[in-house]
Amino acid sequence: MKSEPDEMSIDAALLEPDHTIPWVGVRNYQARNFMRDAMKQGDGILFYHSSCAEPGIAGLAEVASGPYPDPTQFEPDSKYFDPKATPENPRWMLVDVRVFKKIELVPLAQLRTHQELVAMRLLQRGNRLSITPVSVDEWRHILSLVKTQKS
DNA sequence: GCCAACGTTGGC
DNA sequence: GCCAACGTTGGC
């Protein structure tokens, strides 16, 4: 899951109660559908910093709730306000994300050097989706990179 | 700031 | 339903 650190960084998330944040602001149907339909409580998440000096994976997290309506869609003063959404007919759903580990940044440039990750959706040419699936093999490979870095 | 790539909008 | 125009994302 991508987050712009100016909006919500791994450090900011760790300051929240229970290290948990509602993943507000997604306004793309594919990304919404992943949260609404595919992600289950307890699923692992790679917390990715995007649109910043050094993009990359900054932490490990997990899905900490089932899907529920993004409250910001109903808030007229929010930049995420959606006039077509109503509490009776919400358009945008989200999940809570609980960060359980900050890691030494695994930079995007490094991810791109790994043959094991060439098929990773995040790394595909032209990918702009802020939420993309990670295969079990990709997950394991990335976790092994984290360990290597820490030693 | 540039720009490739993709998503959304809206006229027809 | 098509598709041109426009807006957004996000690495560089």
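Convention: sequence-line order gives letters A, B, ...; per-chain numbering from 1.
- To the nearest angstrom, P of dC6(B) lies 13 Å from CG of Asn28(A).
- Between the CD atom of Gln124(A) and the P atom of dG7(B) there is a distance of 14 Å, given to the nearest Å.
- Between the side chain of Gln124(A) and the backbone N or O of Met120(A) there is at least one donor-acceptor pair closer than 3.5 Å.
- Using a 4.0 Å cut-off between charged nitrogen and carboxylate oxygen, Asp70(A) and Arg32(A) do not count as a salt-bridge pair.
- Following rounding to the nearest Å, Leu123(A) (CG) and dG11(C) (C1') show an atom-to-atom distance of 12 Å.
- Taking side-chain N and O atoms only, Lys2(A) has a distance below 4.0 Å to OP1 or OP2 of dG10(C).
- Across the protein-nucleic acid pair, Met1(A) atom CE and dG10(C) atom C1' stand 17 Å apart, rounded to whole Å.
- Side-chain N/O atoms of Tyr48(A) include one lying less than 4.0 angstrom from OP1 or OP2 on dG11(C).
- Distance, Tyr80(A) OH to dT8(C) P: 13 Å, rounded to whole Å.
- One interatomic measurement links the two molecules: NZ of Lys84(A) to C1' of dG10(B), which rounds to 11 Å at whole-angstrom precision.
- Here the nucleotide nearest the side chain of Tyr29(A), chosen from dG7(B), dC12(C), dT8(B), is dT8(B).
- Judged purely by distance below 3.5 Å, without hydrogens or angles, the side chains of Ser50(A) and Arg128(A) never pair a donor atom with an acceptor atom.
- Here the side chains of Arg91(A) and Gln73(A) are in contact, with some heavy-atom distance below 4.5 Å.
- Distance CD (Glu4(A)) to P (dG10(C)): 7 Å, rounded to an integer number of Å.
- Taking atom CD on Glu54(A) and atom P on dC12(C), their separation rounds to 11 Å, with Å as the unit.
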